[in-house]
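One-based numbering along the sequence shown. Predicted model only: the values in this text are computed from it and were never measured.
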Amino acid sequence: DAKTIALVAEIHDTDWVETESEIDALFLESEMVKRYMPRYNVLLRDDKSQLYVRIDMKSEWPHVSYTRNPSDDGAEYFGPFFNGYALKKALRYLRPIFPYYTREPRKVASKLEAQIGLNPSREYGSKTYKSNLKKLISYIKGNRKALVREFESEMKRAAAEQDFERAALYRNKLFHMRELQRRIMFGDREFLDISKDKALTDLATILGLTTLKRIEGYDISHQSGQHVVASMVVFTNGVSDRSEYRKFKMSKQTNDDTAQMYETIYRRLGPKNLQSWGTPQLLLIDGGKGQLQAALRARDERDVDVPVVSIAKREEELIIHADSRVDLTDWRRVLPDGVAVRQESDFIVINLHAGQRNLGSHTKNLRGELSMSPYSDVVKLFQRIRDESHRFAVSYHTTLKRSAAKRSQLDDIPGIGPATRKKLLRQFGSKRGVITADQRELEQCVGPKLAQVIRQHTAPDTRE
């Protein structure tokens with residue numbers, strides 16, 4: 001057909017990645033189409049959010065669920081996975097090997113799933129269940145071969161101890177895992193060679209860098225200077241790495257994005273955080289020249305050698321300062337068509353998608369056809385990092401804002417904890433009831449000392 005003829009006419013080179021099965025190849029193709037958004041592959045290029053596996057390991061009996069919108073709730077998220085059908089199917093195959101709950105245990109009425117080995121047995125306790133879940137998480141992360149070796153070792157040990165029931169259990173797990181290996185794989189990290197990621201290769205060429213394994217994106221979120229937070233998202237080998245995400249609550253609640261960006265980068269590049277989180281190869285700031293200068297000032301004060309650039313909203317132009325510690329000399333000798341570069345004082349502004357416009361900040365209309373630019377993959381990488389840092393910052397800001405909306409004046413009184421607050425509201429009905437209550441009634445409820453403290457902190461409101 002005409003589309004195939006046009007596609008073949010534009011082929012410059014051919015390469016391939018070997019996978020274990022045809023299903024693996026289809027899953028990898030889906031991931032790469034979502035990542036690179038090639039012009040001719042339209043079937044897998046939908047606009048759905050990627051799927052995450054959610055496990056709340058902090059609860060006593062965690063359950064495994066799926067979500068397309070990770071929230072800042074303290075649970076662990078694994079992903080993103082671009083093929084939801086393949087992910088759910090693989091987890092169904094894994095459930096007999098690593099039994100897990102699919103909903104909160106207190107809502108599970110039937111014992112059938114436990115009897116057929118899909119739900120964990122309560123007699124082994126929560127600690128054993130969580131240990132089993134950690135093996136499931138290890139498998140999701142791609143450590144299949146290590147788990148096979150561990151199960152084989154446990155099976156032989158049980159057989160040597162003549163514990164044949166336990167040996168049979170591990171034998172069955174091994175059988176299921178080998179069967180699963182022929183059906184489906186979990187992620188792209190086992191097969192996708194980093195050298196084949198065109199976006200990272202082109203970006204390293206543009207900035208004159210040797211490696212870009214870890215890129216960190218930063219954004220600020222607040223509402224008129226209230227509940228000011230910052231986000232740090234991490235992309236490892238071009239893929240979001242949620243386990244490395246961090247969030248910052250600003251010390252000063254002001255409407256000053258440049259000051260907040262300075263504080264964020266200064267805290268990020270502190271010696272303790274550098275040791276715990278590692279050193280990035282590139283910092284990508286969501287903002288203009290002011291935010292970039294603030295980040296550079298924080299970096300120089302910490303004396304850390306890391307390149308820092310920013311991407312401006314609306315036009316989505318790459319902004320580089322003279323002190324960004326990138327090398328543009330070789331790349332600027334011959335400017336390719338579809339790329340515009342201009343000098344503004346100490347800044348170099350690069351438009352990698354000349355001729356294309358963005359309708360507003362944090363939109364994705366540049367994800368479409370970028371035939372004029374040879375760096376469309378780099379633009380898409382920037383957009384993924386920028387969009388994710390914005391989403392994570394807004395998520396944390398929203399969490400703080402909702403928590404503040406639920407607070408009352410009673411929460412700010414020293415000595416009033418959740419239990420005492422509930423007792424007061426149960427006795428007097430509302431905050432106003434507590435304020436207008438008789439002193440004797442307060443003393444009977446919480447005692448003379450605490451009643452006096454409450455009266456001191458609520459006295460000004462009695463004039464209303």
Side-chain angles (χ1 to χ4, degrees), residues 31-32 34-37 47 49-50 52 69-70 72 77 79-80 82 188-189 192 194 197-207 209 211-221 229-248 257 261 264-265 268-269 277-288 291-292 295 299 306-320 324 326 350-353 358 360-367 370 373 375-396:
E31 197 281 332
M32 296 182 75
K34 293 281 178 52
R35 181 186 291 200
Y36 296 114
M37 304 290 250
D47 59 352
S49 300
Q50 293 83 17
Y52 292 85
N69 298 296
D72 186 30
Y77 291 88
F82 296 89
D188 63 293
R189 299 187 188 184
L192 188 57
I194 185 62
D197 192 309
K198 188 174 185 300
L200 293 176
T201 303
D202 288 347
L203 180 57
T205 301
I206 292 173
L207 301 180
L209 303 175
T211 179
L212 281 175
K213 182 178 179 180
R214 181 185 174 105
I215 302 176
E216 296 180 359
Y218 294 85
D219 193 16
I220 306 294
S221 181
V229 299
S231 65
M232 180 189 101
V233 300
V234 180
F235 275 60
T236 304
N237 295 347
V239 180
S240 62
D241 192 349
R242 285 192 57 85
S243 62
E244 297 292 323
Y245 285 15
R246 298 294 183 269
K247 54 194 178 186
F248 301 85
D257 284 5
M261 186 60 70
T264 302
I265 302 302
R268 164 61 183 100
L269 298 180
W277 305 343
T279 304
Q281 279 77 49
L282 178 66
L283 300 185
L284 179 63
I285 308 300
D286 184 0
Q291 287 91 333
L292 176 58
R299 179 206 63 185
V306 56
V308 185
V309 299
S310 71
I311 180 169
K313 294 181 174 67
R314 191 174 181 84
E315 298 301 331
E316 300 199 72
E317 293 175 322
L318 182 63
I319 302 178
I320 301 174
S324 287
V326 300
I350 304 177
N351 188 332
L352 295 173
H353 51 88
N358 203 341
S361 62
H362 302 301
T363 63
K364 301 179 181 180
N365 63 321
L366 289 178
R367 289 187 185 272
L370 295 174
S373 173
Y375 294 106
S376 59
D377 293 323
V378 178
V379 175
K380 293 166 189 172
L381 175 62
F382 280 151
Q383 286 179 320
R384 291 200 302 272
I385 300 174
R386 190 275 316 278
D387 293 343
E388 184 67 357
S389 63
H390 178 68
R391 180 201 65 77
F392 193 51
V394 171
S395 172
Y396 185 35

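Closest approach of A230 and I220 over heavy atoms only: CB-CD1, 3.5 Å. Nearest heavy atom pair, residue G217 against residue I385, reads CA-CG2, 3.8 Å. Across all non-hydrogen atoms, the minimal contact from F392 to V233 is CB-CG1, 4.0 Å. The minimum heavy-atom distance between V308 and S324, with the atom names listed, is O-OG, 2.8 Å. Of all heavy-atom pairs spanning G238 and R384, the tightest one is O-NH2, 3.6 Å.
At a threshold of 4.5 Å between non-hydrogen side-chain atoms, the residues L209 and P307 count as touching. Looking at heavy atoms from C-beta onward, H390 lies in side-chain contact with V394 at the 4.5 angstrom threshold. Looking at heavy atoms from C-beta onward, L203 lies in side-chain contact with I215 at the 4.5 angstrom threshold. Residues D202 and L381 form no side-chain contact, since every pair of their non-hydrogen atoms from C-beta on lies 4.5 Å or further apart. When side chains are defined from C-beta on, R299 counts as touching L269, because their heavy atoms get closer than 4.5 Å. E317 has its side chain out of reach of I350: every pair of non-hydrogen atoms, C-beta onward, lies at least 4.5 Å apart. Within the 4.5 Å cutoff, side-chain heavy atoms of L207 are placed close to those of I320. Using a 4.5 Å heavy-atom threshold, the side chains of F382 and L352 count as touching.
The side chain to side chain donor-acceptor pair (under 3.5 Å) search around E216 returns R214, Y218, R268, not counting sequence neighbours. The side-chain contact (heavy atoms from CB on, under 4.5 Å) check on S310 picks up I285, L292, I319, with sequence neighbours excluded. A search for ring-ring contact (aromatic ring centres under 6.0 Å, His included) contacts involving F248 returns nothing, not counting sequence neighbours.
Put simply, CG on L212 and OG1 on T236 are 12.0 Å apart, with the number rounded to the nearest 0.5 Å. Rounded to the nearest 0.5 angstrom, D219 CG and M261 CE are separated by 6.5 Å. Here the NZ atom belonging to K380 is positioned 13.5 Å from the CG atom belonging to D387, to the nearest 0.5 angstrom.
In this structure, the side chain of Q291 engages the main chain of G288 through a donor-acceptor pair within 3.5 Å. Within the 3.5 Å criterion, the main-chain N or O of R391 finds no donor-acceptor partner in the side chain of S395. Between the S231 side chain and the S389 main chain, a donor and an acceptor come within less than 3.5 Å of each other.
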Are V306 and L282 close enough, and set up right, to give a side chain to side chain contact (heavy atoms under 4.5 Å, CB included), and what steps lead you there? CA-CA 6 Å; V306 56; L282 178 66; 5.9 Å; no
